[in-house]
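These values consider heavy atoms only, across backbone and side chains, with no hydrogens, waters or symmetry-generated copies. For this chain, numbers begin at 1 and follow the sequence in order. Bear in mind the structure is a predicted one, so any value in this text is a computation, not a measurement.
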Amino acid sequence: MAEAAFSATESALENQRIGALQIGVVAICTLIQMCDGYDVGSIGWAVPSLTHAWNLPPPAFSTAFVWSSVGVMVGALASGPIGDRFGRKPLLLASVTIFGLASLLSAVAPSLAMLSLWRFFTGLGIGGAFSGTVALTGDYTPQRLRATMIMAQFAGAPLGGFVGGLAVAALLAHFGWEVIFVIGGVFPLALVPVMALWLPESPRLDIVPGQAGSHPVDIAVGNPIKMLFGRGYALQTVLLWVIYFCSLLNLFLFVYWLPEVLHLTGMTPPQAVFASSIVPLGGIFAVFYLGPLIDRFGPERALALHYAAGVLFIALIALVALPYFALLIVIFFAGTTVIGSQNGANGTCGALYPARMRTTGIGWAIGIGRVGSIVSPILGGYLLARGLPPTQIFLSACLFALVAAVATALLVLRGSSSFKFSAVHNC
């Protein structure tokens, strides 16, 4: 259970006003997320072209998808203790540098094996950056707005995927698949000096011991991984891990396989990439209403219903042969519920854990969830290899969306009245 007593410094951090400093932190973290969102989608965009360039069947690229997700999982798991004990800013600088360099190396990969290796390191950096941005944004945001602000900076990921998808769709008409990874490397590396100069460290980690008065500021002094299952957080942790597993499995089933599925239904690679870019556009739209709803009504209602609504739109893509324009509309709403719900889970996770374990909480939730993102390319490749109609590989996503909805609703059981989502002393 969270502590009831806080120092004056702690209270000031939790009740701070939103000003230029907080907005600047969110803005830089949003740019990091844009680079993340682009690099996550880049391998899926490249497959329709690579199947022709390397003369490989689509299921063969499950290898690159899996190693990308393994990298994100390792990066997310490792980032928690690093960010909570040594600082958010060093974690973010290292993470962005790693995935920028790895993306550039992906552009010169001569084989699927080498591409898979560089995608592992790309994922390693992405996993660390995801966790670090959530923690730093949460540290600079008061509890009453924490889920909204975290979701706002996470809008950068689908924005990067949407804008990047449009750019790639246009560039593929004139350049080879390599351009996808060149862009994915240049932009994050250009962002590194901006981060070094203007991104501050967490205000909690900048406080000298003893400066806070009789009660310590909420920073990690023990094993932050052990904390996830102590002081009343065990049920919350398990439920969040279930939510993240199901949510990220669905998200990456779309990210990895939707471009190639649309290509198999008759679209050209640029057309398939353009249509797929509508998914993150839907995720951006969800930010405008889902974060405030979670802050107002709690995740047990707002986010649970959002996951449940996704079942309908996923089923329409899987089962109904739609005209092109109608398909784009359904893809938009599928993105709203698939990516939007995952961003809602990020906001929820960042708000439910206190500062001393926030990077670990979000990092391990993402890390465990990435097991789902490892399963998704294997599952999609297996279903395609079995000869199912391409769109029907998404039917399995309906079940996982339903499980995520139920697990989110069960968050209402996570603790007593002092553990409620809106209680300031919880975080």
Side-chain angles (χ1 to χ4, degrees), residues 30-51 58 61-62 64-69 71-72 96 99-100 102-104 106-107 115-116 118-123 125-127 129-130 154-172 177-188 247-263 267 269-284 286 328 331-332 334-336 338-340 342-343 346 366 370 373-374 376-377 380 394:
T30 300
L31 290 174
I32 296 171
Q33 286 292 334
M34 288 183 67
C35 295
D36 274 11
Y38 179 95
D39 275 300
V40 165
S42 61
I43 182 63
W45 300 332
V47 168
S49 298
L50 284 171
T51 53
F61 288 90
S62 297
F65 294 159
V66 167
W67 280 108
S68 180
S69 291
V72 177
V96 173
F99 75 71
S103 183
L104 286 179
S106 298
L115 179 64
S116 300
W118 298 130
R119 296 318 296 172
F120 169 81
F121 284 103
T122 304
I126 289 172
F130 263 83
F154 257 106
L159 181 60
F162 172 62
V163 175
L166 295 181
V168 168
L171 289 170
L172 283 177
W177 59 270
E178 295 89 348
V179 70
I180 299 173
F181 299 117
V182 171
I183 294 173
V186 168
F187 279 93
S247 187
L248 286 171
L249 190 154
N250 279 357
L251 191 154
F252 280 91
L253 195 64
F254 276 84
V255 168
Y256 288 152
W257 287 116
L258 186 60
E260 181 57 22
V261 164
L262 295 177
H263 180 47
M267 294 185 188
Q271 288 173 333
V273 171
F274 173 80
S276 300
S277 71
I278 303 299
V279 174
L281 178 62
I284 297 168
L328 293 183
I331 288 175
F332 172 83
T336 300
V338 172
I339 294 183
Q342 177 56 45
N343 285 347
N346 294 331
I366 292 174
R370 291 297 168 161
S373 69
I374 293 169
S376 63
F394 297 117

Checklist entry - Below 4.5 Å, heavy atoms only, C-beta onward: do Asp36 and Phe99 meet side chain to side chain? => result yes

Next on the checklist: Within the 4.5 Å heavy-atom criterion, are Ile43 and Leu115 side-chain neighbours or not?
Outcome noted: yes

Checklist outcome for this item: Between Pro158 and the options Asn343, Val163, Leu281, the side-chain contact (heavy atoms from CB on, under 4.5 Å) test singles out Asn343

Checklist entry - Is any side-chain heavy atom of Arg119 closer than 4.5 Å to a side-chain heavy atom of Ser42? => result yes

Next on the checklist: I'd like to check Val279 versus Val338 (side-chain heavy atoms, cut-off strictly below 4.5 Å). Are they in contact?
Outcome noted: no

Checklist entry - Which atom pair, heavy atoms only, marks the closest approach of Ala286 to Thr336? => result CB-O, 3.7 Å

Next on the checklist: Any non-hydrogen side-chain atom of Val96 less than 4.5 Å from a side-chain atom of Cys35?
Outcome noted: no

Item to check | Option passing side-chain contact (heavy atoms from CB on, under 4.5 Å) with Pro188 (candidates Asp39, Ile126, Leu104) | outcome: Asp39

Next on the checklist: Can you classify the ring geometry of Tyr256 versus Phe65 as parallel (below 30°), tilted (30 to 60°) or perpendicular (above 60°)?
Outcome noted: parallel

Checklist entry - Should the pair Tyr38 and Trp45 be assigned to parallel (<30°), tilted (30 to 60°) or perpendicular (>60°) ring geometry? => result perpendicular

Checklist outcome for this item: By side chain to side chain donor-acceptor pair (under 3.5 Å), Ser247 pairs with (sequence neighbours left out) Tyr307, Gln342

Next on the checklist: Distance check, rounded to the nearest 0.5 Å: Phe252 atom CZ versus Ser373 atom OG?
Outcome noted: 5.0 Å

Item to check | Phe121 and Trp118 aromatic ring geometry - parallel, tilted or perpendicular at 30°/60° bounds | outcome: tilted

Checklist entry - Below 4.5 Å, heavy atoms only, C-beta onward: do Thr30 and Leu159 meet side chain to side chain? => result no

Checklist outcome for this item: dist Asn346:CG -> Phe130:CZ (nearest 0.5 Å) comes out at 7.0 Å

Checklist entry - Quick one: does Leu172's side chain get under 4.5 Å of Ile180's, heavy atoms only? => result yes

Next on the checklist: Would you say that Thr122 contacts Phe181 through its side chain, given a criterion of any heavy-atom pair below 4.5 Å between the two side chains?
Outcome noted: no

Next on the checklist: Does atom CZ (Phe187) have a neighbourhood of more than 12 heavy atoms from anything else shown, all under 6.0 Å?
Outcome noted: no

Checklist entry - Between the main-chain N or O of Pro48 and the side-chain N or O of Thr51, is there a donor-acceptor pair closer than 3.5 Å? => result yes

Item to check | Contact summary for Leu262 and Ser276, nearest pair of heavy atoms | outcome: CD1-OG, 3.8 Å

